[in-house]
Amino acid sequence: MTTPYSEDRLQKLADLRAAGVDPYPASPPSQRECAAEVLATFDAREGETVTVCGRVLGRRGYGKLAFLDLDDISGRIQAVMEKALLDEDSFSLLKQMNLGDFIEVTGELKKTQKGQPSVYGTRMRILSKALLDPPAKWHGMNDVELRARMRYVDLFANEGIRPHFLKRSAILSSIRATLTKNAYTEVETPVLHPVYGGANARPFHTHHNTLDMGLYLRIAPELYLKRLLVGGMERVFELARVFRNEGISNRHNPEFTMLEFYEAYADYSIMADRTEQLVVDAACAAGCEQEDGTIQTTFRDETFNLTPPFNRIRYADAFLEHVGIEATNREALAERIHSEGIDISGEGDYFWWKAVNNLFERFVEPQLRGPVFVTHYPAAICPLAKPSPEDPTWAERFEFFLGGMELANAFSELNDPELQLENFKRQVEDSDDESPNEIDHDYVRALAYGMPPAGGCGIGIDRLVMILLGSDSIRDVLLFPLMRPDED
RNA sequence: GGGGGCAUAACUCAGUUGGUAGAGUAGCUGGCUUUUAACCAGUAGGUCCAAGGUUCAAGUCCUUGUGCCCUCACCA
């Protein structure tokens, strides 16, 4: 999509240069103030001379007078360009200016006849000449494809987009604050993994030239973060960009952000407390607090009450309620699995419970509007979780559901190196294309040095942001979602 | 990967049973000293996503391809 620059803009650029004006000057404005700051203090400062900068997004011109709307991150301010007040060079510059250009205006704070606080320019300077037209001012840029491909235009042409992404940023800050407040340390672990693990997903492959070795982009930071528990770092978290070579949908992007946090001497239940606090704090940071003190968000036409505490139910109980069969009733389940046309693709516990879980996903999960913690998952499908002491059929694990989506997944972390090795071996034997096909022996060795009992949790941050901001698609909360390149 | 939908000017969109391409905004020219979607007059702007096909004639119908959207599958 090569868009040739318009003739007239190129002409104006040439005219500027011919007049000895640098259209892309190096020197920054010396005493620049932002629009919101000027407007907030306007009444007290009327008559003062200030300098404001911004992108020209509106212009209403007269013969010897023009009104310009200057847009900066804080807001918009009107500059009045009156021939009688401006120096001659500045007034003639108006001719060479287009919508979309960045300019600097110095002038006196004064209200217009209609009472609008404005800067009456005495001097103007071009800061950056735009060669492409901004989208139509009233309609903005609507096409979702264009908006995502050219987010740089979306951000300035569509109202509300910058605040929207600033809220995502506020949620991330809130997460860091909540965890730091609880004595967690933020860490960074490798993105390039020689062996992939910590989740079931197909990885991206890459290659290191000098070492001549294959590498994977991480599908989860889990196994490295738990190595840190072995090393004695008791509370760690990582806001990790992870990569999964899977389908793309309105809730899946090949790279996404996952928060993982691990805490020694904690278990899945304490992690549920932490998750609750993280979600509540993030919701407040996103502005979900209501006047009556409740915390609410509306996502896909459904309103969710995030006022703590969140419900907790057992997997087996939810299963019985929505499927109508005891999760341990093998005979009845076998019949149901068969009648639903679900394949049991192999022998043994793993495949059996995978089929049972298939029923759970199909009949229970859609009912879980949330916020709700589902606890005690079948141990056979939880190779990294500690089996429950009361009944090893179940693992000390929860998944957290909100807005009909799985948002978080947590365990009491398995720290028995021999059991872990067994689980890894079974995983590799049963490898069905999704699960890791190689054993991470270094991780097992780390466990053998002793890992304290610990709880760990992973939260899908993009989905959390979607729900808190009421965005229907993951693409609306990613600045640059993955797209096929357009030909050009 | 399966099914469905969309693709027309820089942006937002019209375009009838197939008959030779339209508007608003942005741009350009002129006018205008209080507008805020400024206004008035004029002007310019198109490989109708691409390639084939049917037809006297295709933006419109058919086939294939490309991109995006929705949906199902997959993604614990």
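Values below: all heavy atoms of this structure, side chains included; hydrogens, waters and symmetry mates excluded. Chain letters run A, B, ... following the sequence lines, proteins first, then strands; residues in each count from 1.
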Measure from the side chain of [X], starting at C-beta and using heavy atoms only, and say which of [options] lies closest.
X: A:Leu146; options: B:C11, B:C74, B:C68; value: B:C11
X: A:Ala136; options: B:U71, B:U25, B:C68; value: B:U25
X: A:Arg59; options: B:G27, B:U12, B:U34; value: B:G27
X: A:Asn250; options: B:C68, B:C70, B:C11; value: B:C70
X: A:Gln116; options: B:G67, B:C11, B:U36; value: B:U36
X: A:Gln113; options: B:U33, B:U34, B:C68; value: B:U34

Among all residues two or more places apart in sequence or in another chain, which pass the ring-ring contact (aromatic ring centres under 6.0 Å, His included) test with A:Trp352?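 Applying ring-ring contact (aromatic ring centres under 6.0 Å, His included) to A:Trp352 gives none.
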Nucleic acid contacts of residues 87-104 of chain A, taken as heavy-atom distances under 4.0 Å to RNA chain B: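 Under 4.0 Å from RNA chain B: A:Asn98, A:Leu99.
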RNA chain B contacts made by residues 72-85 of chain A, counting heavy atoms under 4.0 Å: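 A:Gln78, A:Glu82, A:Ala84, in order of number.
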Counting any heavy atom closer than 4.0 Å, what does A:Asp143 reach on the DNA or RNA strands: base, sugar-phosphate only, or nothing? sugar-phosphate
With heavy atoms under 4.0 Å as the rule, sort A:Tyr120 into base, sugar-phosphate or nothing.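 Base, at least one base heavy atom under 4.0 Å.
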Rounding to an integer number of angstrom, what distance separates [N] and [M] when you compare their [atom1] atoms?
N: B:G65; M: B:A57; atom1: P; answer: 26 Å
N: B:U16; M: B:G59; atom1: C1'; answer: 13 Å
N: B:A44; M: B:G24; atom1: C1'; answer: 16 Å
N: B:U64; M: B:C69; atom1: P; answer: 22 Å
N: B:G46; M: B:G3; atom1: C1'; answer: 34 Å
N: B:U47; M: B:U17; atom1: C1'; answer: 28 Å
N: B:U60; M: B:A73; atom1: P; answer: 35 Å
N: B:G42; M: B:G4; atom1: C1'; answer: 47 Å

Is any NZ, NE, NH1 or NH2 atom of the basic residue among [X] and [Y] found under 4.0 Å from an Asp or Glu carboxylate oxygen of the other?
X: A:Lys386; Y: A:Glu413; result: no
X: A:Arg241; Y: A:Glu255; result: yes
X: A:Lys110; Y: A:Glu46; result: no
X: A:Glu260; Y: A:Lys226; result: no
X: A:Arg55; Y: A:Asp71; result: no
X: A:Arg76; Y: A:Asp69; result: no

Are a donor atom and an acceptor atom from the side chains of [X] and [Y] found within less than 3.5 Å of each other?
X: A:Asp15; Y: A:Gln11; answer: yes
X: A:Arg9; Y: A:Gln96; answer: no
X: A:Asp87; Y: A:Ser90; answer: yes

Roughly, in whole Å, what's the span from [atom1] in [X] to [atom2] in [N]?
X: A:Glu108; N: B:U34; atom1: CD; atom2: P; result: 19 Å
X: A:Asp8; N: B:U43; atom1: CG; atom2: P; result: 18 Å
X: A:Phe67; N: B:A38; atom1: CZ; atom2: P; result: 12 Å
X: A:Arg244; N: B:C74; atom1: CZ; atom2: P; result: 16 Å
X: A:Met150; N: B:U12; atom1: CE; atom2: P; result: 9 Å
X: A:Leu68; N: B:U36; atom1: CG; atom2: C1'; result: 11 Å
X: A:Glu159; N: B:A37; atom1: CD; atom2: P; result: 11 Å
X: A:Glu365; N: B:A73; atom1: CD; atom2: P; result: 12 Å

Can you tell me which stems RNA chain B forms, taking runs of 3 or more consecutive Watson-Crick or G-U pairs with both distances under 3.5 Å?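 Paired runs of 3+ in RNA chain B: B:1-7 with B:66-72, B:10-13 with B:22-25, B:27-31 with B:39-43, B:49-53 with B:61-65.
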Nearest-nucleotide 5' precedence on RNA chain B, A:Gly63 against A:Ile248: A:Gly63
For A:Glu399 and for A:Asp133, locate the closest nucleotide of RNA chain B by heavy-atom distance; then report the residue assigned to the nucleotide nearer the 5' terminus. A:Asp133
Any side-chain N or O of [X] less than 4.0 Å from the OP1 or OP2 oxygen of [N]?
X: A:Arg147; N: B:C69; value: no
X: A:Asn245; N: B:C74; value: no
X: A:Arg475; N: B:C70; value: yes
X: A:Arg60; N: B:U36; value: no

In chain order, what residues pass the salt bridge (Lys or Arg N to Asp or Glu O under 4.0 Å) check against A:Glu104, with sequence neighbours excluded? A:Arg125
Side chains of residues 310-323 of chain A: which donor-acceptor partners sit under 3.5 Å, not counting sequence neighbours?
from	atom 1	to	atom 2	distance (Å)
A:Arg312	NH2	A:Asp273	OD1	2.6
A:Arg314	NH2	A:Glu390	OE2	3.0
A:Tyr315	OH	A:Asn357	OD1	2.6

How about A:His376 and A:Phe398: are their ring centres within less than 6.0 Å of each other? no
For the CG atom of A:Asn253 and the CE atom of A:Met483, what is their distance to the nearest 0.5 Å?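 Taking CG in A:Asn253 and CE in A:Met483, the distance rounds to 10.0 Å.
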